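This report refers to the structure that appears directly beneath it.
Model, not experiment: these values are computed from the prediction.
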Amino acid sequence: MQTRPRPYHHGDLRAALLARAEETLREKGTAALSLRELARDLGVSHNAPSRHFKDKQALLDALALSGYERMTDAMLASQADAGESCRKKLEAVVRAYVGFCLDNAALLDLMYSIKHDPQASAALLEATGHWSELIEQLMLEGQRQGEVREGPLDSIGIPVFATLHGYADLAATGMLAPEVAEHGLDEVIAFILRGVAPDARP
């Protein structure tokens, strides 16, 4: 007779719920997520998850928040070995962003959809801007170093974000042919760097 998994301690259950929820999200999609099913998978009572998440919406909010935090952390980590050049830093952060998107396609879809939900938490809404602020700071640094053209940050940043997010979405959803995706990011990075270069024209 199969034994039930040992119940998680209070301090571990929240992390275990999020980890299992992300697995379910990846395998079956948002509709399959259920606090009761997660509790069953983890071998805890059906009401145990309510100590951490009052309902499914709270669970989704926490999943999205975790995603934004991990994405920002990955982008920050990319700067450690990028050197002093702003263009090299920008290339590294772009690769980190796209890498996260490709590795977490289902989570990314949740992240970008739930931030528009009226019930999204203040913490989530704040976290949604951290990754873009990092890129904005790099472009400001580039302007100071003469590696990024002068001008309002919006006029430079919007094309960068549109290009970056558009490519990541195409790649993560499998819209690019394998032979295109293999070298596509290199071409996107070159396109972005040409667009922000001092001799580029708005």
Which residue pairs satisfy the salt bridge (Lys or Arg N to Asp or Glu O under 4.0 Å) criterion with at least one member in residues 86-110, sequence neighbours excluded?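 Those involving residues 86-110 are K89-E141, E91-R95, R95-D186.
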Assigning hydrophobic clusters by single linkage (Ile, Leu, Val, Met, Phe, Trp, Tyr; side-chain heavy-atom cutoff under 4.5 Å), is [X] placed with [Y]?
| X | Y | answer |
| --- | --- | --- |
| L164 | V180 | yes |
| F191 | L170 | no |
| I158 | I189 | no |
| L102 | I192 | yes |
| L153 | Y97 | yes |

So how far is it from [X] [atom1] to [Y] [atom2], rounded to the nearest 0.5 Å?
| X | Y | atom1 | atom2 | value |
| --- | --- | --- | --- | --- |
| S66 | D61 | OG | CG | 11.5 Å |
| L13 | R51 | CG | CZ | 6.0 Å |
| L76 | M71 | CG | CE | 11.0 Å |
| L18 | L25 | CG | CG | 11.5 Å |
| L107 | F100 | CG | CZ | 5.0 Å |
| S155 | R149 | OG | CZ | 5.0 Å |

Would you say D81 has more than 12 foreign heavy atoms packed within less than 6.0 Å of its CG?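 Check fails, neighbour count at 12 or below.
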In this structure, are over 12 heavy atoms from other groups packed under 6.0 Å from E27 atom CD?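 Count over threshold, so yes.
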Side chains of [X] and [Y]: does their closest heavy-atom pair fall under 4.5 Å?
| X | Y | result |
| --- | --- | --- |
| L59 | L38 | yes |
| L90 | V148 | no |
| T72 | E133 | no |
| L138 | Q79 | yes |
| E37 | T24 | no |

After noting the C-alpha distance and the side-chain angles of L17 and V44, does the key distance pass the side chain to side chain contact (heavy atoms under 4.5 Å, CB included) rule? CA-CA 10 Å; L17 287 165; V44 297; 5.6 Å; no
Which atom names give the shortest non-hydrogen contact between [X] and [Y], and what distance separates them?
| X | Y | value |
| --- | --- | --- |
| R14 | A62 | NH2-CB, 3.7 Å |
| L65 | A127 | CD1-CB, 3.5 Å |
| V98 | A168 | CG2-CB, 4.4 Å |
| G146 | P198 | O-CG, 3.1 Å |
| A96 | A74 | CB-O, 3.7 Å |
| M75 | L134 | CB-CD2, 3.6 Å |

I would like to know whether L108 and Y112 meet side chain to side chain contact (heavy atoms under 4.5 Å, CB included); could you show each step before the answer? CA-CA 6 Å; L108 187 76; Y112 282 118; 3.3 Å; yes
Kindly say whether M111 contributes a backbone atom to a donor-acceptor pair with the side chain of Y68 at under 3.5 angstrom?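 Yes, the answer is positive, given that a donor and an acceptor are paired below the 3.5 Å cut-off.
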Report yes or no: does T128 contribute a side-chain atom to a donor-acceptor pair with the main-chain N or O of L125 at less than 3.5 Å?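 Judged by distance alone, yes, a pair lies under 3.5 Å.
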Evaluate side chain to side chain contact (heavy atoms under 4.5 Å, CB included) for E23 paired with D41, printing each intermediate quantity in order. CA-CA 11 Å; E23 291 175 5; D41 288 347; over 6 Å; no
